[in-house]
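Just so it is clear, the structure is predicted and the values come from calculations on it, not from any experiment. Computed from heavy atoms alone, side chains included, the values below leave out hydrogens, waters and symmetry copies.
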Amino acid sequence: MYSMSEHHEPIVSREVFETAGRLLEQHSKEKGISKGDKKYQNRYCFSGKIICGECGNTFKRRTHQGYIAWCCKTHIKDKNRCPIKFIRDDELKAAFVTMINKLIFAHELILKPYAAAVGGTDKNTGLHRIKELQTLLMQNTEHKETLTKLMAQGYIDQVLFNEEKNRLISQAKQYHAEIKALQRAVSGKVTFADEALFLLHFTEKSAMLYEFDDELFEKTISRISVYSRHEIAFELKCGLILKERI
Ligand SMILES: [Zn+2]
């Protein structure tokens with residue numbers, strides 16, 4: 001991808017480039033992957049992940065003369081129902097590499113603010129409120145116990161006891177419902193925030209990619225939308241949608 005000729009100023013220094021290679025090897029060793037390993041070979045990582053921007057159907061892998069292509073299933077059945085043409089496997093892979101390299105190059109501009117935005121105050125506010133509600137629930141239980149004691153010792157009558165007990169029960173239900181809703185919201189945000197942080201840490205450390213990486217694709221991409229043979233969009237697991245031209 002990058003010229004390493006002695007006569008030109010290299011875009012990435014030889015030293016950095018070699019370090020990147022070593023890091024990648026180290027990473028592969030840690031993950032128990034060697035280049036000949038099946039894990040590293042094409043596992044059709046695009047299967048089920050390419051979505052037609054025209055009709056919404058998934059793409060199917062096909063072998064054309066001399067290359068692999070992906071084609072909208074509707075288009076295969078009837079090209080009048082969906083005009084989207086096939087896209088080459090190697091072009092999709094190159095687009096992914098370009099997209100990741102842009103993120104590596106501009107992680108300070110793109111990923112740092114994004115990770116802060118999805119991982120920041122909302123999540124903390126949610127967690128804070130959950131703690132508050134848990135304290136309120138504990139107090140609610142204590143009130144119920146006190147109420148029962150007061151009733152048993154004859155300090156309050158049955159009518160007041162029932163009224164107060166019902167009020168506390170319905171209040172506890174509300175607290176539980178709010179906690180459940182917050183936990184759902186917070187866990188959704190944690191996922192986006194976690195994925196954004198993973199990508200940020202990766203791009204901070206990684207040298208430019210020079211070949212397609214199955215594992216990285218699976219770790220970072222939820223799906224690819226194809227709008228035409230020349231325009232696709234990567235939907236990242238962290239919630240970002242990035243368009244690439246082919
Ligand atoms: Zn289609």
query = Is there a side-chain contact (heavy atoms from CB on, under 4.5 Å) between Met208 and Phe105 once you walk through the steps?
reply = CA-CA 8 Å; Met208 297 286 178; Phe105 185 73; 3.6 Å; yes
request  = Under the side-chain contact (heavy atoms from CB on, under 4.5 Å) rule, what do Thr141 and Met138 come out as? Steps first, then yes or no, please.
outcome  = CA-CA 5 Å; Thr141 307; Met138 264 167 49; 5.7 Å; no
Report yes or no: does [X] contribute a side-chain atom to a donor-acceptor pair with the main-chain N or O of [Y] at less than 3.5 Å?
| X | Y | value |
| --- | --- | --- |
| His75 | Lys85 | no |
| Ser206 | Thr203 | no |
| Tyr114 | Cys238 | yes |
| Asn57 | Cys72 | no |
| Lys49 | Ile221 | yes |

Considering all heavy atoms, the nearest [X]-[Y] contact:
| X | Y | result |
| --- | --- | --- |
| Gly53 | Tyr227 | CA-CD2, 4.0 Å |
| Arg229 | Ile87 | O-CD1, 4.1 Å |
| Ile104 | Leu209 | CD1-N, 4.3 Å |
| Leu147 | Lys165 | CD2-N, 3.5 Å |
| Glu244 | Thr98 | OE1-CG2, 3.8 Å |
| Ala69 | Phe86 | CB-CD1, 3.6 Å |

To the closest 0.5 Å, what do you measure between [atom1] ([X]) and [atom2] ([Y])?
| X | Y | atom1 | atom2 | value |
| --- | --- | --- | --- | --- |
| Ser225 | Glu54 | OG | CD | 12.0 Å |
| Arg223 | Ile241 | CZ | CD1 | 8.5 Å |
| Ile179 | Ile130 | CD1 | CD1 | 7.0 Å |
| Leu160 | Tyr155 | CG | OH | 15.0 Å |
| Thr74 | Ile84 | OG1 | CD1 | 10.5 Å |
| Gln134 | Gln139 | CD | CD | 12.5 Å |

Mind checking whether [X] and [Y] have side chains closer than 4.5 Å, heavy atoms only?
| X | Y | answer |
| --- | --- | --- |
| Lys73 | Lys77 | no |
| Phe198 | Thr220 | yes |
| Lys93 | Arg88 | no |
| Glu218 | Cys45 | yes |
| Asp90 | Ile68 | no |
| Asn101 | Val97 | yes |
| Thr58 | Ile51 | yes |
| Leu200 | His107 | yes |

Other residues, nucleotides, ligands: >12 heavy atoms within 6.0 Å of [X] [atom1]:
| X | atom1 | result |
| --- | --- | --- |
| Tyr67 | OH | yes |
| Lys144 | NZ | yes |
| Lys237 | NZ | yes |

message = Test salt bridge (charged side-chain N to carboxylate O under 4.0 Å, His left out) on Glu178 and Arg129; report intermediate values, then the result.
response = CA-CA 9 Å; Glu178 197 182 336; Arg129 178 65 184 154; 2.8 Å; yes
key: From CA spacing to verdict: side-chain contact (heavy atoms from CB on, under 4.5 Å), Leu111, Leu240   = CA-CA 9 Å; Leu111 288 172; Leu240 280 174; 3.8 Å; yes
ask   = Should Phe46 and Phe234 be marked as a ring pair (Phe, Tyr, Trp, His ring centres under 6.0 Å) after you check the CA-CA gap, both sets of side-chain angles, and the distance that decides it?
value = CA-CA 12 Å; Phe46 294 145; Phe234 290 100; 8.3 Å; no
key: Lys219 to Phe202 six-membered ring, cation-pi geometry met (6.0 Å, 45°)   =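 No - Lys219 does not lie over the ring of Phe202 by the 6.0 Å and 45° rule.
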ask   = So if you build clusters from Ile, Leu, Val, Met, Phe, Trp, Tyr with side-chain heavy-atom gaps below 4.5 Å, do Leu137 and Leu168 land together?
value =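 No, no single cluster joins them.
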Test log, rule side-chain contact (heavy atoms from CB on, under 4.5 Å), inputs Leu216 and Phe96 = CA-CA 10 Å; Leu216 185 64; Phe96 173 75; 4.1 Å; yes
